[in-house]
Number of protein chains: 2
Amino acid sequence: MIQDDRDRAILRILQANARITNAELAERVHLSPSACLRRVRALEESGLIRGYTMQLDPKAAGFPGTAFVMIALDQQGRASLDAFEGQVMKHPEILECHLLAGAHDYLVRVAYRDSADLERIHAEILTQLPGVTRVQSTLTLRTVKRTTALPV
Amino acid sequence: MIQDDRDRAILRILQANARITNAELAERVHLSPSACLRRVRALEESGLIRGYTMQLDPKAAGFPGTAFVMIALDQQGRASLDAFEGQVMKHPEILECHLLAGAHDYLVRVAYRDSADLERIHAEILTQLPGVTRVQSTLTLRTVKRTTALPV
DNA sequence: TTTGAAAACCAACCGAA
DNA sequence: TTCGGTTGGTTTTCAAA
């Protein structure tokens, strides 16, 4: 768990730059390197830190666009949801999948290389997921902001 | 730019674990440490790599829920969009903001600590953004998948 | 690709609150 | 007892050969 503002400072810095050296991190939060490292390890052990990832520029990586897709299932039993979600996990084109409150639809975000690629993802992946009755895509014209940082 | 499958392998590994040492990364892609480091540096220079971030567990960090919010503006001129987006960038509670095709609405994702916090974000932030005419929130019951990794 | 100096890491230990 | 600081051997980095 987060103990104090020192921990919060460490988390804010690491969220912005996960490859900072422990020595510099320690300096920025006014701790000795060893004390700082002990806190980071404790935060990792506690399960608060899920991991460290590299952020790519989507356009430069060949994914100029993403789309949001609303997906409705024909049934909402535990087994149906599990079957659907299990398949979702297998497709790297599906970046995110959220179960929404209300109509119990899924909101999915996919990355595609061009319009033909989006066609393929729609036809070969999304509509083939188990139990799907409705698939409605909305293209993203522009991503204004996309952070993985939480306001700790 | 990405040169070959070696580069792609490096990117896949770093997307999954940004804190791997250069020595281990080199071993896993069958390169010498110095050759591997040279490639990573080149990928960084090219702008493909946007940065390295730490992933927190949202629940453990005190953010049990996120919500998607559709926001419509009363005007769609360049100036209106810029004013809106400029304010969006200032609020850390707003994790993402996408301009959608079609009705030219924004889809925004916010993190909140509890229902009172969501109320506050709705009343004090979202409805106060410049030019907003309609704000419609949908809670996320469960996030099935959330990756920042692109399928390079 | 190899190498070696400099930097960073991190475990063991010490001291203060 | 817990938390921060110090030390020193080990690992990693990275530029020169």
Side-chain angles (χ1 to χ4, degrees), chain A residues 1-62 147-152, chain B residues 1-64 92 113 147-152:
Chain A
M1 290 306 95
I2 300 173
Q3 301 293 343
D4 52 22
D5 284 344
R6 205 43 99 32
D7 277 358
R8 271 181 274 275
I10 289 173
L11 294 176
R12 277 195 297 272
I13 293 170
L14 282 175
Q15 283 192 110
N17 175 12
R19 299 209 69 167
I20 189 176
T21 65
N22 181 61
E24 186 181 341
L25 176 61
E27 188 177 354
R28 287 182 55 184
V29 299
H30 309 296
L31 276 179
S32 74
S34 67
C36 184
L37 187 64
R38 231 172 311 145
R39 278 177 180 260
V40 173
R41 289 290 175 267
L43 290 166
E44 286 172 348
E45 304 286 309
S46 79
L48 185 71
I49 296 177
R50 188 176 277 180
Y52 302 89
T53 65
M54 178 180 65
Q55 247 52 49
L56 292 181
D57 182 85
K59 278 203 180 60
T147 178
T148 64
L150 292 171
V152 291
Chain B
M1 290 303 98
I2 300 175
Q3 302 293 344
D4 54 22
D5 285 344
R6 207 38 102 32
D7 276 359
R8 269 180 275 274
I10 289 173
L11 294 175
R12 277 195 298 272
I13 292 170
L14 283 175
Q15 282 192 109
N17 176 15
R19 298 210 71 166
I20 190 176
T21 64
N22 181 61
E24 185 181 342
L25 177 62
E27 188 177 353
R28 287 182 56 184
V29 300
H30 310 295
L31 277 178
S32 72
S34 64
C36 184
L37 187 64
R38 215 168 25 239
R39 278 177 181 257
V40 173
R41 291 287 175 269
L43 290 167
E44 287 172 349
E45 303 289 310
S46 79
L48 184 71
I49 295 177
R50 186 175 280 181
Y52 302 89
T53 65
M54 178 180 64
Q55 246 52 46
L56 292 182
D57 182 86
K59 279 203 181 59
F63 294 91
R113 298 186 173 280
T147 180
T148 63
L150 292 171
V152 291

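Within every chain, numbering begins at 1; the chains are lettered A, B, ... in the order of the sequence lines, protein sequences first and strands thereafter.
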Novice: From CG of A:Asn22 over to C1' of C:dA7, roughly how many Å is that when rounded to an integer?
Specialist: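 A:Asn22 atom CG is separated from C:dA7 atom C1' by 13 Å.
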Novice: What heavy-atom pair brings B:Val40 and B:Ile49 nearest, and what distance separates the two atoms?
Specialist: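 In this case the closest contact between B:Val40 and B:Ile49 is O-CD1, 4.3 Å.
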Novice: Just by modelled atom types, is the A:Leu25 backbone N or O under 3.5 Å from a matching donor or acceptor in the A:Asn22 side chain?
Specialist: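 Between the backbone of A:Leu25 and the side chain of A:Asn22 there is no qualifying donor-acceptor contact (under 3.5 Å).
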Novice: Would you kindly give the CG-to-C1' distance between A:Leu37 and C:dA12, to the nearest whole Å?
Specialist: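 After rounding, the reported distance stands at 14 Å.
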Novice: Quickly work out the A:Glu27 CD to C:dC9 P distance and round it to whole Å.
Specialist: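 A:Glu27 atom CD is separated from C:dC9 atom P by 12 Å.
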Novice: In Å and rounded to the nearest 0.5 Å, what is the CG to CD distance from B:Asp57 to B:Gln55?
Specialist: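 Nearest 0.5 Å value for the CG-CD distance: 11.0 Å.
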Novice: If you pin B:Ala23 and A:Leu31 to their nearest nucleotides in DNA chain D, which one's is more 5'?
Specialist: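 Per heavy-atom nearest nucleotide, the more 5' residue is A:Leu31.
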Novice: Between P on D:dC3 and CZ on A:Arg41, what's the gap in Å once rounded to a whole number?
Specialist: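 Taking atom P of D:dC3 as the reference, CZ of A:Arg41 is at 17 Å.
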Novice: Does NZ or CZ of A:Arg19 come closer than 6.0 Å to the centre of the six-membered ring of A:Tyr52, within 45° of the ring's axis?
Specialist: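 No, A:Arg19 does not lie over the aromatic ring of A:Tyr52.
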Novice: Over how many whole Å does the gap from B:Glu24 atom CD to C:dC9 atom P extend?
Specialist: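 These atoms are roughly 16 Å apart.
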Novice: Could you tell me the separation between the CZ atom of A:Arg39 and the C1' atom of C:dA11, rounded to a whole number of Å?
Specialist: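 The distance from CZ of A:Arg39 to C1' of C:dA11 comes to 19 Å, rounded to the nearest Å.
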Novice: Rounded to the nearest angstrom, tell me the gap between atom CD1 in A:Ile20 and atom C1' in C:dC9.
Specialist: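 It is 15 Å, rounded to the nearest whole Å.
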Novice: Going by modelled atom types, is there a donor-acceptor pair between the base of D:dT7 and the side chain of A:Ser34 at under 3.5 Å?
Specialist: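 Absent.
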Novice: Has B:Arg38 got a side-chain N or O lying under 4.0 Å from the OP1 or OP2 atom of D:dA15?
Specialist: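 Answer is no, no contact under 4.0 Å.
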Novice: At 4.0 Å (heavy atoms only), tell me whether B:Thr21 reaches a base, stays on the sugar-phosphate, or touches nothing.
Specialist: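 The answer is sugar-phosphate, as B:Thr21 gets under 4.0 Å only of primed atoms, P, OP1 or OP2.
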Novice: Given atom CZ of A:Arg19 and atom P of D:dT12, what is their separation to the nearest angstrom?
Specialist: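 Answer to the nearest Å: 13 Å.
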